[in-house]
Amino acid sequence: LANGHPALISDPVANPREVYPRDDLPPSAFELPPTGLSPEKRHAALIELEEYVTRKRDHFLGYQANQDQDHYRLDLSRFMESHVNNVGDPFTPGNFKVNSKVVERCVLDYYAALWNAKWPHDKKDPESYWGYMLSMGCTEGNLYGLWNGRDYLSGKALVTDPESTPEQPRLLWVQAAPPEDLPEEQKRNALHPVAFFSEDSHYSLTKAMRVLGIDTFYAIGQRDYPTDNPLDPGRPWPKEVPSERGPSGYSADGPGSIDVDALAVLVEFFAAKGHPILVNLNLGSTFKGAYDDVRAVSERLFPIFKKYGLLEREIVYGKDQDGNPLKDTRRGFWLHVDGALGAAYLPFLRMAADNPNYEYVPEVPIPEFDFGLEVEDRETGRFYDMVHSIAMSGHKWIGAPWPCGVFMTKVKYQMRPPDNPAYIGSPDTTFAGSRNGFSPIVLWDYLAQNSYDKQISMIREAQRMAHYTEQQLLRLQETLGRDLMVARTPLALTVRFRRPNDEIIAKWSLSSESLKLDPNDPNSRQLDYVHVFLMPWAKPGMIDELVKDLHAPNAFPPET
Ligand SMILES: COC(=O)[C@H](CCSC)/N=C/c1c(COP(=O)(O)O)cnc(C)c1O
């Protein structure tokens with residue numbers, strides 16, 4: 001107003017400083033008047049923000065984000081002068097020429113090779129991989145994988161479906177018909193996927209169910225079969241698949257991996273009713289860093305899929321111009337691997353374990369999880385690849401200045417895109433419209449600087465740091481003579497322990513989780529945990545300083 005500028009269209013009803021949460025930074029330094037900020041104020045604000053971010057970064061231990069970013073600056077700052085946008089399919093150049101798709105394809109090829117997928121991508125080869133780099137993090141990868149699984153299982157047209165071509169978009173919306181030769185109940189459920197994921201899964205799974213309108217086994221079980229919970233007849237259905245139990249008999253103090261037997265019982269209940277099966281498995285779970293046993297799940301579910309005709313089934317996915325049914329043969333199940341954290345480093349742990357030169361003996365076998373995982377049908381001698389999609393974050397183990405990641409599947413599973421927008425000159429095969437073209441350059445730069453051998457060293461160092469941290473906390477527990485609930489799942493990069501005071505949580509950005517030992521008993525013991533993640537960023541000195549802080553007399557509040 002001072003310079004004759006019109007007032008803000010909508011003056012704030014209340015003062016933001018009184019309404020917004022109090023944080024470490026003074027909001028006043030960053031408020032934006034219509035006049036903009038003077039250079040002095042802008043610089044002062046940037047310096048204040050930089051001090052805050054670097055101070056928090058230097059004490060960052062609480063989440064699976066690698067803060068080691070210094071190696072990018074020299075290579076990447078040159079791209080900050082351009083808007084690089086990989087809109088559309090990575091394997092179609094498109095009309096937006098300021099893009100890094102050639103780099104994106106090299107990064108995708110790298111992970112296809114690492115995850116035992118057939119590469120390079122060839123749209124004419126159903127067995128070859130297809131994928132793209134995410135503009136969000138693994139939430140986008142999980143959303144996309146579950147969307148792909150939902151549409152594959154419910155009979156939507158696929159990229160490989162011969163008659164449904166981009167020129168005939170109307171076929172995309174034809175609701176598929178179930179296989180003809182099925183009993184009534186099976187026919188009714190044949191195109192209605194049911195989702196399964198464990199109680200240790202990331203909240204992006206629940207979000208994906210809501211966004212995509214996918215029914216979980218809990219939703220259908222509680223609604224249609226309220227007294228038939230196969231795990232505990234007459235009792236309410238569990239909301240998620242139970243995780244493995246700990247010494248208490250509850251999963252709260254368990255390792256964080258999925259209970260394979262419980263999964264099998266739940267899956268069989270719905271497979272027997274004709275539902276196709278959609279399973280998410282964690283590879284480095286959010287709080288405990290646990291790995292679901294993808295091999296054991298595959299072996300366990302395979303006979304169930306075979307028994308109920310879900311290994312291969314005929315889908316009528318549309319009609320041709322003459323009204324004749326369009327058919328193809330598909331799996332009746334989809335395994336998505338949420339490899340947000342672990343898909344980035346487990347291949348390197350496996351290389352170290354498989355090569356005696358590294359003299360590395362893992363504390364437990366390195367989990368299989370990728371496109372090379374096959375199960376043999378011992379009656380026919382035929383092998384079935386069991387993993388349909390993998391998602392990985394780029395900003396977790398690898399470390400990137402912003403959320404990014406990779407989604408990968410196979411051409412034979414790839415869904416036909418909802419539309420084929422000519423103006424981008426590419427099929428709209430990804431989740432986003434505009435796609436971050438900088439992220440492929442970030443991952444490319446990291447992979448260019450870090451050989452397999454270097455990455456093996458990094459993940460082995462992180463394992464050593466996780467072990468060191470666990471030992472230091474156990475030693476502190478002895479010194480204090482108090483149960484600090486120190487726990488680390490084998491091969492996990494995180495160590496969990498009793499929640500300290502808020503000051504320590506804020507200093508180290510610790511992630512916390514509170515739960516009841518017995519989730520069904522409100523009077524059950526409350527477990528208040530935090531965890532530290534030993535990313536390449538975490539150094540022994542940081543752990544020693546954290547332990548020193550935890551040594552302070554008021555570090556741990558009295559037990560509730
Ligand atoms: C509470 O901690 C989190 O939400 C962290 C992300 C913060 S650290 C980068 N984990 C995200 C995550 C996600 C979602 O990844 P993002 O969308 O990148 O946050 C998917 N799957 C697993 C097993 C995850 O742990």
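All ligand and atom numbering here is 1-based and tracks the order in the structure.
- Checked by atom type, the side-chain pair E140/S135 shows no donor-acceptor distance below 3.5 Å.
- Aromatic rings from Y132 and F431 are positioned such that their centres are separated by 6.0 Å or more.
- Counting heavy atoms of neighbouring residues, nucleotides and ligands inside a 6.0 Å radius, atom NE2 of H83 exceeds 12 of them.
- Using a cut-off of 4.0 Å between Lys/Arg side-chain N and Asp/Glu carboxylate O, D385 and K410 are scored as salt-bridged.
- Enumerated by chain and number, the residues approaching ligand 1 to less than 4.0 Å through a heavy atom are Y63, Q64, A65, G137, C138, T139, N142, H202, Y203, S204, G284, T286, D338, A340, S393, H395, K396.
- Ring to ring, Y110 and W444 are not that close: their centroids are 6.0 angstrom or more apart.
- Between H388 and F333, the distance from one ring center to the other falls under 6.0 angstrom.
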